[in-house]
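Notes follow the structure.
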Amino acid sequence: RKRMFTIGQKVVDQNGKVFVVESISDKDFGSGRSQYLSLRPCFESDSRYRSYVPSDNASELIRNIRTKEEARGLRKSYPEIETMCFQSPRERKMYFEKVIHSKSPLELIRARKSLLLYRDERKALKKSFSDFDRTILDHILNLLSDEMAAALNLDQNKAKNYLKECRNRE
């Protein structure tokens, strides 16, 4: 089913960036005129991005942001989401890459909780936490907090703190 998007609507692209539909107009990017959605970043920190999405397959490339209720529901469900255990660094890496591409909020939260637990375990053993794991942890927090900020009309940093509070409530 084709999803319609309207001017002013907040959407998320395949990279997890939050945009606002700025306009819908005909453009020619070299393969003839076609209708495109012009997307501007929702946040000032992403202002270097600009995106044009063909209207014909927009629903395959972007989606609506979560509603306020869905965003609040994710926060409430945080304590019940179980963590994952991994046998090897390779298995862990493959899982996190898959989760990041899935953009599933529940799986992103599961991955975040799992990585935080793993980091705490490493710290208790006086072992280091890899740069890869740190990068993934930061990326997951950004993906979750950007959409949370847009859904709840929060500043990006407040949304990050909002998510960090979830862990403290467990």
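Positions are given from 1 along the sequence. No hydrogens, no waters, no symmetry mates; every other heavy atom, side chains included, goes into these values.
In this structure, the separation between CG on L137 and CZ on F129 is 5.0 Å, given to the nearest 0.5 Å. The line from NZ of K93 to OG of S130 is 9.5 Å long, rounded to the nearest 0.5 Å. Expressed to the nearest 0.5 Å, how far OH of Y118 lies from CE of M84 amounts to 14.5 Å. If you take CG on L154 and CG on D146, they are separated by 11.5 Å, rounding to the nearest 0.5 Å. In this structure, Q35 CD and D56 CG are separated by 8.0 Å, a value rounded to the nearest 0.5 Å. In this structure, CG in L37 is found 5.0 Å from CD1 in I24, a value given to the nearest 0.5 Å.
Taking hydrophobic clusters as Ile, Leu, Val, Met, Phe, Trp and Tyr residues chained together by side-chain heavy-atom distances below 4.5 Å, M148 shares a cluster with L141. Hydrophobic clustering (side-chain heavy atoms under 4.5 Å, transitive across Ile, Leu, Val, Met, Phe, Trp, Tyr) keeps V18 apart from Y162. L61 and V20 fall into different hydrophobic clusters, where Ile, Leu, Val, Met, Phe, Trp and Tyr residues are linked whenever their side-chain heavy atoms come under 4.5 Å apart, directly or through other members. Note on L143: it clusters hydrophobically with Y95, by side-chain heavy-atom contacts below 4.5 Å among ILVMFWY residues.
Contact detail for A111 and I140: the closest heavy-atom pair is CB-CD1, 3.7 Å. The heavy-atom pair separating Y78 from K113 by the smallest distance is O-NZ, 2.9 Å. Between K76 and E80, the closest heavy-atom pair is O-OE1, 3.4 Å. For the pair E147 and N64, the tightest heavy-atom approach, listed with the atom from each and the gap, is OE2-O, 4.3 Å. When all heavy atoms are compared, the tightest approach of L74 to S77 is O-OG, 3.0 Å.
Here R66 pairs with nothing under the side chain to side chain donor-acceptor pair (under 3.5 Å) rule; sequence neighbours left out. Qualifying side chain to side chain contact (heavy atoms under 4.5 Å, CB included) partners for A151, counting only residues two or more places apart in sequence or in other chains: I65, A71. Residues meeting the side chain to side chain donor-acceptor pair (under 3.5 Å) test with R134, sequence neighbours left out: D131. Taking the salt bridge (Lys or Arg N to Asp or Glu O under 4.0 Å) definition, one finds that K17 meets it with D46, sequence neighbours left out. Under the side chain to side chain donor-acceptor pair (under 3.5 Å) criterion, E97 pairs with no residue, sequence neighbours left out.
Counting heavy atoms from C-beta on, the side chains of K164 and R112 come closer than 4.5 Å. Contact of the V21 side chain with the L39 side chain is registered, since non-hydrogen atoms from C-beta on lie closer than 4.5 Å.
Just one of Y52, F29, F5 meets the ring-ring contact (aromatic ring centres under 6.0 Å, His included) condition when paired with Y36; it is F29. Just one of V99, T83, I81 meets the side chain to side chain contact (heavy atoms under 4.5 Å, CB included) condition when paired with I109; it is I81.
Proximity of a side-chain donor or acceptor of S88 to a complementary backbone N or O of E91 within less than 3.5 Å is detected. Using a distance-only test at 3.5 Å, with no hydrogens or angles considered, no donor-acceptor pair links the side chain of S145 to the main chain of K160.
We find that R122 and D133 are not joined by a salt bridge, their nearest charged nitrogen and carboxylate oxygen being 4.0 Å or further apart.
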Test log, rule side-chain contact (heavy atoms from CB on, under 4.5 Å), inputs F19 and C42: CA-CA 5 Å; F19 290 91; C42 189; 5.9 Å; no
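Residue pairs that meet the side chain to side chain donor-acceptor pair (under 3.5 Å) test with at least one member in residues 18-29, sequence neighbours left out, are E22-R50.
Ring pair F96/F132: centre-to-centre distance not below 6.0 Å.
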